[in-house]
Asks: 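What follows is a structure written as structure tokens; I'll ask about it next.
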Amino acid sequence: MPVTITEYLRPDSLKEALALLAEDPGKNIAVAGGVSIVLSGAPRRVRAIDLQNVGLNEIASTKDELCLGAMATLDDIIHSPAATKVASGLLPTALRTAASEPIRRLITVGGNIVQCYYWATLPPLLLALDAKIHLRTSEHRRTLKATEFFAQPPMRLMEKGELVTDVTIPLKPSRRAAFEKMAKTSNDYALIHVVVSYVDQRGKMSDPRVVVAACTSLPTRVREAEEFLEGKTVDLNTAMEAGQIASHHVKLRGDFRASADYRRRVLRVMVQRALLKAADKQTIS
Amino acid sequence: MKLHVRINGEARELEIAPGAVLGDVLRQLGLTGTKMGCREGHCGSCMVLVNGKPMNSCLLLAAKVEGAEITTIEGLGDVRNPHPIQEAFVEAGAVQCGFCTPGMIISTKALLDNEPHPSLERVREALSGNLCRCTGYAKIFDAVRIAEHKLAKASGNGKSTRRPHRP
């Protein structure tokens, strides 16, 4: 294990955790689910600050928004009645495709979005749902739009001693959405993630989002496809054209799992399918 | 650092390295039924129950289970007194090399404790974190069905009429 944990602390409040993280910030590591700490991390000696008991585990909803505590796990979201209110159950449907059931009990909201591995499932969903990410240090708080948070690897944007405390997602009853994952086996790392969403205005798309991930180094909104879709009705031709636009305006990564060219061909079809699925007009599966 | 846990029903105070993972701690206690296969959460041979829920003990920092109840394969049964799920795996021929079996049985235990009569889809989902490179899973799914019947019979509400079936 590259990271050597020299001391393991379990603060009982967020205030205490932030104060500990502010002390000599370079030597601390915040522990959420702990998965990425076990698997990787720079080779250094660190003091671990476990966030299990600092009150960030809750998932709650108001009339206007869903709030996911940073320590809520993917499994907590899947089983949360509050979380099903977002875009007809998009979150549980999509998160069920992430890793395996036992690992979904370890992966937290905070860990998943801060590490933002290219295959992570939550970041593209948050982009497509116009989420806001709330951060805190011992000194100040700030809120970032998902587009700002994921515009660079989030770790680079976060200050020393800063934590994600929670994520809020607006609840708009008329927002429709769909998610597609392509991987070589059901729980392998994704080769491509596509999330689309739009506000349904009497059959026409308003405020559409087309988000592509896993085949890009960061989850990406494809503005060109979104502009094309604004005001249009979803039908096969529109969906095909949007897929074509999306696949040509994204810088795709290739690796030993699949080449960029292969991903471009598949991405086109996945965007098309996701749009038809969101509109309940699937003609192919 | 000190770690206080209950392992297979017994309260333990352990001295652990702050960065140790649970699977290594358990194996150092002699509980070698928990295997460390891939050490990256893919194979599931390290599966243990933490407060009744299956988790990959290779990815779980031991320090995170302070105060928890841990169940390993040794806590279910042994050769002389096997658990009905262990019997079911033998009866179905679901064990070949056997390396994945403790993890498979632990995942099955958690599933059937919570859902006595799961659908095939739920069985597949619950075992999605356990890889078997020998059997091809058909006999493992059969074993889950046999275990379901055994446990239902033992608890006196053996209503399930589902027969073991293959995907």
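Chain letters run A, B, ... following the sequence lines, proteins first and then strands; every chain starts at 1. This structure is a prediction, so every number in the text was calculated from the model and none was measured.
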Asks: At what distance, to the nearest 0.5 angstrom, does CZ of B:Arg124 lie from CD1 of B:Ile140?
Replies: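 B:Arg124 atom CZ to B:Ile140 atom CD1 measures 12.0 Å (nearest 0.5 Å).
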Asks: My understanding is that only residues two or more places apart in sequence, or in another chain, count here; which of them pass side chain to side chain contact (heavy atoms under 4.5 Å, CB included) with A:Arg96?
Replies: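 Side chain to side chain contact (heavy atoms under 4.5 Å, CB included) list for A:Arg96, sorted by chain: A:Ile78, A:His79, B:Glu125.
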Asks: Checking side chain to side chain contact (heavy atoms under 4.5 Å, CB included) against A:Gln52, which of A:Asp50, A:Leu56, A:Val54 comes through?
Replies: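 Only one of A:Asp50, A:Leu56, A:Val54 forms a side chain to side chain contact (heavy atoms under 4.5 Å, CB included) with A:Gln52, namely A:Asp50.
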Asks: Non-hydrogen atoms of chain A under 4.5 Å away: do they reach the side chain of B:Ala17, the backbone, both or neither?
Replies: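 Interface part for B:Ala17: neither.
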Asks: Hey, which residues of residues 63-90 of chain B are touching chain A, say heavy atoms under 4.5 Å apart?
Replies: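 The residues closer than 4.5 Å to chain A, in numerical order, are B:Ala63, B:Lys64, B:Glu66.
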Asks: Would you sort out whether A:His193 and A:Tyr118 count as a ring pair (Phe, Tyr, Trp, His ring centres under 6.0 Å), showing the intermediate values?
Replies: CA-CA 10 Å; A:His193 276 144; A:Tyr118 65 82; 9.7 Å; no
Asks: Tell me, for A:Leu106 versus chain B, whether the close heavy atoms (under 4.5 Å) come from the side chain, the backbone, both or neither.
Replies: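 Side chain only.
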Asks: Students often mix this up, so state it plainly: with edges at 30° and 60°, are the rings of A:Tyr189 and A:Trp119 parallel, tilted or perpendicular?
Replies: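 If you compare the ring of A:Tyr189 with that of A:Trp119, the planes turn out tilted.
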Asks: In Å and rounded to the nearest 0.5 Å, what is the OG to CD1 distance from A:Ser100 to A:Ile107?
Replies: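 So the gap between those two atoms works out to 8.0 Å.
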Asks: Checking heavy atoms, do the side chain of B:Met55, its backbone, both or neither come under 4.5 Å from chain A?
Replies: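 It is both, since atoms from each part get that close.
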Asks: Check whether A:Thr6 gets within reach of chain B through its side chain, its backbone, both or neither, counting any heavy atom under 4.5 Å.
Replies: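 For A:Thr6, backbone heavy atoms alone lie under 4.5 Å from chain B.
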Asks: With side chain to side chain contact (heavy atoms under 4.5 Å, CB included) as the test, pick out the partner of B:Tyr137 among B:Leu131, B:Asp142, B:Val123.
Replies: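 The option that passes is B:Leu131.
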Asks: Check A:Leu126, A:Thr121, A:Val212, A:Leu125 against A:Val195 for a side chain to side chain contact (heavy atoms under 4.5 Å, CB included) and give me the one that passes.
Replies: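 Between A:Val195 and the candidates, side chain to side chain contact (heavy atoms under 4.5 Å, CB included) is satisfied uniquely by A:Leu125.
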